[in-house]
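Beneath this line is the structure, given in structure tokens, with notes to follow.
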Amino acid sequence: MLNNWAVVPTCLPLVRRRCHACASERFRANGKFRVNANHKLLDAWLLVLCTACGDTAKLTVLERMNVRSVRPELLDRMHDNDPGLAAEVLQDPVMRRRNRIALDWDDAWRLDTGGSDHLGREVIDVAVRFAAQIPVRPVRVIAEGCGLSRAEVERLIADGKLVSPVRLGGKLSGDFTFMLKR
Ligand SMILES: [Zn+2]
């Protein structure tokens, strides 16, 4: 029987960026946007606050776009400071490159295993689904879900008792499956 686990965001990830006011490198989005229309051109930013000193920085979302080419519902969501939109914007790799930022997902996700009933079985088959592109180490996910230490998980992999079509040693941000035989 296949068990489904899910890696789920619990809050917005932190934004890694150097603060110009202090030495901190972590900012937090509070879901607020700023939109500025100048004649027919429109700029929009996602506001982020330094976690140490509270200084505000702006991340470019739209840059000198023709107002007519921007979807009205997107503008509405920015004017409403839609927190879901902040999550979507941060997930966009083009936006991250443009603003030279990376995301820090530590403590911003949890693992749902649907209970521990399946863990006692001799063979467990698990599909791990990602609700957002959260870079995590499969070893960490498996350790947490199975209630094992990472060293124990690594030993199971080395012994061939834990197998997967993906490389379990690196980082992933998408769905994967694994099978554990004890
Ligand atoms: Zn700061």
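FYI, the numbering just counts along the sequence from 1. Numbering of ligands and ligand atoms starts at 1, following listing order. Quantities reported herein were computed from a predicted structural model and do not represent experimental measurements.
No side-chain N or O of Thr60 forms a donor-acceptor pair with one of Glu63 less than 3.5 Å apart.
Checked by atom type and distance alone, the side chain of Asn81 pairs as donor or acceptor with a backbone atom of Phe33 at under 3.5 Å.
Applying side-chain contact (heavy atoms from CB on, under 4.5 Å) to Trp45 and the options Asn99, Asn36, Val35 leaves one that passes, Asn36.
Under the 4.5 Å side-chain heavy-atom criterion for grouping Ile, Leu, Val, Met, Phe, Trp and Tyr, Ile101 is not connected to Leu14 through any hydrophobic cluster.
The aromatic rings of Phe176 and Phe130 lie tilted to each other, with the angle between the two planes from 30° to 60°.
The number of protein N, O or S atoms lying under 2.8 Å from the Zn ion (ligand 1) is 4.
Ionic pairing of Arg18 and Glu25 is present here: one or more N-O contacts between side-chain nitrogen and carboxylate oxygen are shorter than 4.0 angstrom.
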